[in-house]
Amino acid sequence: MQQTVGSGGKGPSEGQALPALLGKIRQGDREAMAELYDRTSPLVFGLALGITGDRARAEEALLDIYTHIWKNAAACDPVVPPLDWLVATVRERALLGQRRGLPSAGAAWLRPGAPRRQPDGETGATAAPGEQERARAAVADLPDAQREILARAYGGTLSCDEIAARTGKPAGAVKTLVRLGMNRLAEGAEEDEVEARSRD
Amino acid sequence: MKHDRATEEIRELAALYALGALTQQEARGFEIHLAEGCGVCRAEQRRFARAAATLGLAAEERRAPEYLRDILLERIEREPQAPDPGAPQSTGPEEESGRILELPPAEASPAGGGSGRHGFGRSLPWLLAAVCAALALGGGFAWKSARTDAGRLRAELAEAAEGAGRTGDELRTLRARSADLDTILEMTRRQGVQSTHLVGQPATPANSGMLLWDAGRRRCLVIASFLPAPRGQVYQLWFSTPEARVPVGVLEADAGGRILARLRTPEGLERALSAVVTLEPAPGSVSPEGPFCATGSFR
């Protein structure tokens, strides 16, 4: 069974494993690349599928993302946490090819009332408490209005004004909802970091 | 101007930037401000980049098809790695954003691209305009030739000769464009010809075009309207297959960024998942290194 990025099961946690794997990948270690894929592909594929809403595009994005990581591992910015960098890369590559300004079915998991999938035959082993679970809890705690706007912004290529036009909300209100929601998530991430440091 | 504390306005800007929800102009302004060394805004940008990562980490995990792992591992056997840790093609989100600065100003904002976008339809009006111009010139020439005023006949003839020269040039241009149009029509009529709409990317939202590919005859036609490439760089077309990105050719644009390129696809290339246009150092690259400027999927 594949070990997922947040499982923290056997072996080191993702916080330690990813930088080590990326370090090996920089040296051209293909086995490390395979291990990175095994650990992270359920998250990467789930995210790509969630954004594109299309299996073919998500599969293409997945190959593109890991090839990109392989080719550019040497240039990875050490300041950015590897997991954040991975997620940002996935989003960026998954949004490639999506026509700017058009609505998308993306980021359904962020929308208010989005059902939580249970692990099944198609889903990889779900993460135990870890960064992914904390992220899901943080998103679930957001007010519906903030989730709705963040889902539209994160899962597509709409500008703030375009989101305002599509939701019928004033642009100022959209900006405020984005700021409040993102600020809450940022505060949560900061608290998690403090907690993790105190554990170490 | 550097800030000494984070205001609501700064947070709003940094949050929208992290989500890619600023217009291109706003995003560039923010990036320039960050590059100037504002520590307060840099800290807010990093905070909200983490918040954006939280949104992605909350996604449901899904198991990818097994064969993708095999394809990937086979692919990386052939893919060279970027050797220089400080290479400009860094993949961190900040570096990727920074690369947008390398491109010339866009006609339209990336986020508000709808207003500035133009599709295949915009590639054709010059053909129609040229047809109209030729008709007008031809009409003027006929009108002038028909005049019988003997006193002005010589001057008329000289003028007409000059006009005929211009008309001849126009007609040659029209013939070339007519041939282009014939090629387009012929390819659209042929069975098995694949097509895809080339869609601009966040860095180049105004880029747009149409690609026709006759794999059997190894012919590829690209009609597009792109932003002019920066000096020393060219647009290069690649086909994505499950195994690799295959170079197809360089797309040469006129001064207005219009492209009508006939390319010969590599032998043995029969299927591709998508077409990708990147910006590469002239005269082109062996493998795609530059930013994506347009993509399209073959269905």
Side-chain angles (χ1 to χ4, degrees), chain A residues 4 28 30 33-34 37 41-43 45-47 49-50 59-60 62-63 66-68 70-77 80 84-85 87-92 96-97 99-101 109-110 117 122-124 126 131-132 135-136 138-139 150 153-154 159-161 175 178-179 182-183 185-186 189, chain B residues 8 11-12 15-16 18-23 47-65 68-69 71-73 75-76 79 81-85 87 89-96 109-114 117 199-202 205 240 273-274 292 295 297:
Chain A
T4 57
R30 290 183 168 80
M33 188 69 205
Y37 180 90
S41 62
L43 169 64
F45 189 59
L47 182 52
L49 192 56
E59 289 181 15
E60 192 180 341
L62 181 115
L63 288 173
Y66 284 105
T67 307
H68 184 75
W70 169 254
K71 288 175 70 176
N72 297 284
C76 172
D77 185 349
V80 181
D84 292 6
W85 171 69
V87 167
T89 304
V90 175
R91 178 183 178 234
E92 178 194 303
L96 286 174
R99 185 190 272 268
R100 188 92 197 174
W109 75 91
L110 295 175
R117 287 175 58 91
E122 194 181 7
T123 308
T126 304
E131 289 202 40
Q132 289 168 277
R136 287 172 191 140
V139 168
L150 291 179
Y154 188 83
S159 71
C160 181
D161 288 342
K175 287 179 182 174
V178 165
R179 174 172 53 80
M182 291 288 276
N183 203 45
L185 294 175
Chain B
E8 285 192 354
R11 291 208 167 106
E12 216 161 74
L16 289 166
L19 291 169
L22 291 177
T23 64
R47 279 185 79 232
F48 288 120
R50 291 233 67 193
T54 301
L55 293 171
L57 285 169
E60 298 155 350
E61 292 178 315
R62 301 291 291 273
R63 186 180 295 282
L68 291 178
R69 187 180 191 276
I71 289 173
L72 174 73
L73 296 180
R75 185 186 278 190
I76 66 170
E79 290 283 356
Q81 289 184 296
D84 178 10
Q89 62 270 39
S90 168
T91 56
E94 293 166 29
E95 282 66 22
E96 288 289 350
S109 69
R117 292 196 63 81
V199 178
Q201 298 301 300
S240 284
L273 300 170
S274 62
F292 285 24
T295 65
S297 293

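Below, chains carry the letters A, B, ... as their sequence lines are ordered, and counting in each starts from 1.
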Side chain, backbone, both or neither of A:Glu59 within contact of chain B (heavy atoms, under 4.5 Å): both
Pick from A:Val139, A:Leu62, A:Thr67 with the largest number of heavy-atom pairs that fall under 4.5 Å of chain B: A:Thr67
Closest non-hydrogen atom pair between B:Ile76 and A:Arg30, with its separation: O-NH2, 3.1 Å
Residue pair B:Arg11 / A:Arg179: nearest heavy atoms and the distance that separates them: CB-CD, 3.9 Å
Flag, side chain of A:Arg136 to backbone of B:Ala59, donor-acceptor distance under 3.5 Å: yes
Top of B:Leu16, B:Thr54, B:Leu19, B:Leu273 for chain A proximity - count of heavy-atom pairs under 4.5 angstrom: B:Leu19
Side chain to side chain contact (heavy atoms under 4.5 Å, CB included) evaluation trace for B:Leu68 with A:Tyr37: CA-CA 10 Å; B:Leu68 291 178; A:Tyr37 180 90; 3.7 Å; yes
Contacting moiety of A:Leu63, where chain B heavy atoms sit under 4.5 Å: both
Reported CG-to-OG1 distance for the pair A:Asp161 and B:Thr23, which is rounded to 0.5 angstrom: 8.0 Å
Side chain, backbone, both or neither of A:Asn183 within contact of chain B (heavy atoms, under 4.5 Å): both
Spatial distance of atom CH2 (A:Trp70) from atom CG (B:Leu73) [nearest 0.5 Å]: 10.0 Å
Structural part of A:Leu110 lying under 4.5 Å from a heavy atom of chain B: side chain
Smallest separation among heavy atoms of B:Arg69 and A:Ala34, with atom names: NH2-CB, 3.6 Å
Interatomic distance, B:Arg75 atom CZ to A:Lys71 atom NZ [nearest 0.5 angstrom]: 9.5 Å
Backbone N/O of B:Gly56 and side chain of A:Trp109: donor-acceptor pair under 3.5 Å: no
Contact summary for B:Ala15 and A:Val178, nearest pair of heavy atoms: CB-CG1, 3.9 Å
Heavy-atom pair of closest approach, residues A:Ala186 and B:Ala51: N-CB, 3.8 Å
Distance-minimising heavy-atom pair for B:Ala52 and A:Tyr154: O-CE1, 3.3 Å
Spacing of A:Leu49 atom CG and B:Glu61 atom CD [to the nearest 0.5 Å]: 13.0 Å
Verdict with supporting geometry, A:Met182 and B:Leu55, side chain to side chain contact (heavy atoms under 4.5 Å, CB included): CA-CA 9 Å; A:Met182 291 288 276; B:Leu55 293 171; 4.1 Å; yes
Verdict with reasoning, B:Ser240 to A:Glu60, per side chain to side chain donor-acceptor pair (under 3.5 Å): CA-CA 9 Å; B:Ser240 284; A:Glu60 192 180 341; 4.6 Å; no
